[in-house]
Every structure is written in structure tokens, then in C-alpha cells.
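Start at 1 and go down the list; that is how both ligands and their atoms are numbered. Here, residue 1 is the first one in the sequence, and each next residue gets the next number. Both backbone and side-chain heavy atoms feed into the values below; hydrogens, waters and symmetry mates do not. All values derive from a computational prediction rather than experimental measurement.
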Amino acid sequence: MDRKEFLSLLGLGSASLLATACLGGCSKSANSPSSGTNIDFTLNLSDAANAALATNGGVVYKNGVIIARTNTGNYIAVSSACTHEGTQVVYQATNQRFFCGNHGATFSEAGTVTNGPATKALTQYKTALSGNSLRIYS
Ligand code: FES
């Protein structure tokens, strides 16, 4: 093998290594520090497991997301783990907010911090209702 052949093989090897590494994690989401940003699932509102969403103020937890029905009947969804230390938040329809009982952080219905000690917002997800299917997605 001469020098040119060797360098050619080396170049191919490096490219292969990069390609292999990228298959596992070159997308933006894979490098994102917060997990759960790629959310896309659908709830069948006819299922008993989702019956709470038939009532204003009701909630369902699924896939790390809290889905709530507001006092005005709209569906909202945010990540369910408090950004302070990960405790599951609850929805308080009367106060129109999410609340973490661990240290008292509160978040708006859009997930924005309204009271610490949390400093980072909950991730807000989109919702789309079609018949009895409620899609939650990012
Ligand atoms: S874990 Fe939620 S406020 Fe501390």
C-alpha cells in the first residue's frame, strides 16, 4: 500500500465514523438538554382512562405530559415534571395555573414560571381536537 492509498482509506474511515456517529445523534433534538420535546400522541377522549378530560378542570398524565381542560373548556398541555427538581405538577383550574407541591413553584397555563424556586418554564405542547381524538404534539 502506498501513501496515497493509505490516506484515501483513512479519509474513508473518518467519513464512515462521522456518518455512523451522526446516525445516532446529529439531530437537534438528540442534543437537546431537555428530554421530551418531541411529543406527538393522541388521546381517545371516549376511553375511560381519559374521562377526566370530559370535565373542566380535569387532567390526564401521559408520556411525561399533563393534559388539562381549562375552566373555559380548552385543552392545554405542558411537561409534567417541575423544572426545579422534577416533582409532578398539578393543574389548579380555579387559579388557572400549574402548581408544584414540593417547594411551591407555580406556572401559568402556558408553562411560564410565575413563582419560584423554579426558574425554567415547563415545555408547552400544542393540542388539536378532532372529534373524540385529542392530539398533543410539539
Ligand atoms: S420540585 Fe417543584 S418547586 Fe421544587
Output every pair passing salt bridge (charged side-chain N to carboxylate O under 4.0 Å, His left out) with a member in residues 123-138, not counting sequence neighbours, ordered by first then second residue.
-> Asp40-Arg135

Any donor-acceptor pair under 3.5 Å linking the side chain of Thr70 with the backbone of Thr72?
-> yes

If we ignore angles and hydrogens, is there a donor and acceptor under 3.5 Å between the side chains of Thr87 and Asn102?
-> yes

Closest non-hydrogen atoms of Tyr75 and Leu45, given as atom of the first, atom of the second and distance, are OH-CD1, 3.7 Å

Going from CG on Leu129 to CG on Asn74, what distance comes out if it is rounded to the nearest 0.5 angstrom?
-> 10.0 Å

Residue pair Thr106 / Thr114, side-chain donor-acceptor N/O under 3.5 Å | yes

Count up the protein N, O or S atoms sitting under 2.8 Å from atom 4 (Fe) of ligand 1, would you?
-> 2

